[in-house]
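Here the structure is laid out as structure tokens; the discussion comes afterwards.
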Amino acid sequence: MKKFKPLMLGVAMALLPFIAQAQDEPTALKVALNEKTADIAPTMWGLFFEDINFAADGGLYAEMIKNYSFEFENPMMGWNRVEDQGAKGYVFNQNHEAPGANHKYLRMQRLNKEGNFGLHNQGFRGMAVKEGLKYTLTFIAKVAKGQDLTVTAKLLDKDQVIGEGSVSGFSDQWAEYEIVMTAGQTLDGVNFQFLLEGEGDLDVDMISMFPEDTWKGRKRGLRNDLVQLLADINPGFLRFPGGCIVEGFDLENRYQWKKTIGEMEDREVMKNRWNIEFAHRTTPDYYQSFGIGFFEYFQLSEDIGAEPLPILSCGLACQFNTGEQVPIGALDQYVNDALDLIEFANGPVDSEWGAKRAEMGHPEPFDLKFIGVGNENWGPQYIERAKIFEKAIKAAYPEVTIVSTSGPFPSGREFEYLWGELRKMNAELVDEHYYRPPSWFRENARRYDDYDRSGPKVFAGEYAAHSTTVSEDFKRNNWEAAMSEAAFMTGLERNADIVRLASYAPLFAHVDGWQWNPDLIWFDNLRSYGTTNYHVQKLFSTNPGTAVVPITAEGESLAGEDGLYASATIDETTNELIFKVVNIASEAKKITIALDGKYKGNGKGTWLEMADSDLEAYNSLDDPTAVSPQTKSFEVKKKTIELTLQGQSVNVGRLKLSK
Ligand code: AHR
């Protein structure tokens with residue numbers, strides 16, 4: 001048998017390409033089929049959603065009009081005037097008399113009947129349409145002056161009309177109008193115009209346009225291709241709405257779920273905190289319409305079979321920004337928001353908040369099981385507030401599991417302090433975040449081997465390997481990063497007794513509107529794709545198993561020794577063995593896996609293999625599956641699997657076991 005040589009972690013592994021050991025004989029692994037060491041939570045592999053990088057407005061939320069209700073700080077941002085062929089007119093920003101959450105509207109004043117007069121909307125870094133698809137434009141309007149006014153909407157390829165529709169019959173009272181257009185061609189960069197015909201003044205607001213192919217065909221719904229990518233990953237949970245967006249730049253700017261439910265006119269548009277966060281990627285046109293609000297998050301979770309996992313402000317604004325603290329004496333409002341949220345999700349239809357859920361079309365409860373208190377907060381000010389939340393939530397809803405934060409970093413003084421305090425509090429789940437170089441992920445595959453089993457469980461709530469080898473846009477989502485995450489994830493899986501949930505972050509990015517990179521899924525206004533990292537996540541989340549079993553070499557688990565990382569699980573519902581082996585070395589590796597336990601002897605299994613000899617390889621809109629799994633098969637002879645793992649590969653095997 002080959003002598004087993006540990007690869008020098010932290011030294012050799014920091015070097016690229018990886019140094020491989022010369023191999024004459026296969027590395028011999030053994031799986032103990034009957035020795036279950038932990039159950040795997042059904043929530044194990046999930047999703048982290050935050051409205052960053054145009055993830056909601058301009059992304060998942062299929063609304064095509066930017067600044068649809070003229071509520072941005074500059075009410076005309078996103079809009080240009082159209083005035084050609086002798087047309088004359090003006091537009092004026094007006095304030096609603098009884099504003100509620102919707103403050104402004106626009107008066108369009110047409111002074112003659114010549115030419116074209118109206119508005120052009122820029123969309124979210126442009127606008128795209130698909131041939132043959134219907135687009136529904138809705139808006140509210142009232143006549144301020146004149147009569148026989150008509151609104152004509154046009155989809156144009158430069159000057160050529162590829163879709164058009166009109167509506168007239170406006171009165172002096174606000175009412176909603178609709179125009180349906182069919183696009184005559186597929187076009188990214190369509191010129192959308194909203195034109196006023198006749199002579200007079202028309203007041204307009206909430207000019208909104210959606211494609212008909214939304215997820216489940218829902219009115220004002222979500223982008224189908226993006227939801228499908230989420231559903232395909234078989235997520236155990238959906239964390240929302242973030243991220244730092246929960247905390248806000250200051251408390252005023254925090255995420256307040258109650259302002260995100262009900263009719264759109266009741267959802268107050270707000271500046272997105274990522275609008276100004278990064279000097280190198282300022283995004284002045286980034287706002288939150290809350291078209292995806294808390295009802296939609298719950299609904300999405302249900303649609304894709306994920307446990308909803310909302311995170312709420314604990315009364316501390318982002319400590320990287322203002323760090324504003326609500327006084328303890330005024331924390332009630334925040335705590336009540338948490339209690340009311342649980343009622344909104346789970347309460348009976350005759351409860352105050354359960355009734356609101358029912359009104360929105362979901363009388364059945366959403367069965368909320370988790371709630372997060374704070375995101376990346378730290379210090380005694382967090383613990384002080386967390387204790388108050390815990391007392392109130394547990395008194396009213398003892399069955400709901402609370403997620404607490406260990407701050408923004410995976411180690412260090414603040415991290416240790418928070419873990420110490422959270423242990424004393426008997427916290428249930430602690431959220432850990434790590435945005436680190438790929439080498440950190442490879443070197444930390446044993447991170448949880450020695451975690452205290454008697455304390456809180458872990459939610460690896462935000463992680464991503466941040467490659468330094470390339471920095472251009474989506475290219476950071478390269479194979480080195482994804483493979484290193486896979487290596488680390490075998491460690492999460494081996495320790496599934498303590499790590500109960502895990503999610504890559506962030507989830508989405510618009511190729512022309514991002515602030516943070518890398519991200520799991522990239523898109524433009526027409527297309528989308530899963531990164532190399534997405535495919536790694538999917539390999540794990542679609543092959544989770546229900547219980548961990550040991551996979552060892554010379555009696556030890558594998559976490560980088562000889563460039564190999566491994567974990568194994570049993571799926572007790574399908575009676576299958578699932579093993580995951582990552583080979584970070586640049587050379588191919590032969591391994592054998594002996595099946596120790598009940599197995600018939602010979603058989604055949606399925607092998608998903610993801611490999612690339614180029615660590616900087618990446619997927620893109622033009623080549624969306626450049627690095628993605630290939631399906632192969634393997635044979636079992638005399639209870640032993642023999643595999644040759646490609647260099648720089650992530651491998652998942654599935655094998656039906658004997659009855
Ligand atoms: O995922 C992007 C950001 O990273 C999140 O908003 C925050 O929680 C973390 O710092």
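Residue numbers count from 1 along this sequence. When a ligand or atom number is given, it counts from 1 through the structure's own listing order.
- At a heavy-atom cutoff of 4.0 Å, ligand 1 is contacted by no atom of Tyr504, backbone or side chain.
- Relative to the six-membered ring of Trp215, Arg223 misses at least one condition, a distance below 6.0 Å or an angle of at most 45° to the axis.
- Near Trp274, meaning under 4.0 Å from one of its heavy atoms, ligand 1 places the atoms 6 (O).
- Given atom 10 (O) of ligand 1, the protein heavy atom at minimum distance is Glu376 OE1, 2.8 Å.
- Note: Asn517 CG to Arg281 CZ = 8.5 Å, rounded to the nearest 0.5 Å.
- For ligand 1 and Gly243, the ligand atoms under 4.0 Å from any heavy atom of the residue are 5 (C), 6 (O), 8 (O).
- With a heavy-atom cut-off of 4.0 Å, Asn375 touches ligand 1 through its side chain alone.
- Interatomic distance, CG of Leu226 versus OH of Tyr61, reported as 14.5 Å (0.5 Å rounding).
- Annotation: Ala505 places no N or O atom under 3.5 Å from an N or O atom of ligand 1; distance criterion only.
- Of all atoms in ligand 1, listed by their number and element, those nearer than 4.0 Å to a heavy atom of Pro506 are 1 (O), 2 (C).
- Sorted by first and then second residue, the salt bridge (charged side-chain N to carboxylate O under 4.0 Å, His left out) pairs involving residues 286-304 (not counting sequence neighbours) are Arg218-Asp303, Arg267-Glu296.
- Residues meeting the side-chain hydrogen bond (donor to acceptor under 3.5 Å, both in side chains) test with Tyr286, sequence neighbours left out: Asp51.
- For atom 1 (O) of ligand 1, the nearest protein heavy atom (residue, atom name, distance) is Tyr435 OH, 2.7 Å.
- Contact atoms of ligand 1 toward Glu50: 2 (C), 5 (C), 6 (O) (distance under 4.0 Å to a heavy atom of the residue).
- Counting only heavy atoms of the protein, atom 8 (O) of ligand 1 lies nearest to Glu462 OE2, 2.7 Å.
- Aromatic ring centres of Phe415 and Trp378: separated by at least 6.0 Å.
- Ring orientation note: the planes of Phe508 and Phe49 are nearly perpendicular, at an angle over 60° on the 30°/60° scale.
- Of all heavy-atom pairs between Asn543 and Lys580, the closest is O-NZ, 2.7 Å.
- Close approach of ligand 1 to Trp516 is summarised as follows: ligand atoms under 4.0 Å from at least one heavy atom of the residue are 2 (C), 3 (C), 4 (O).
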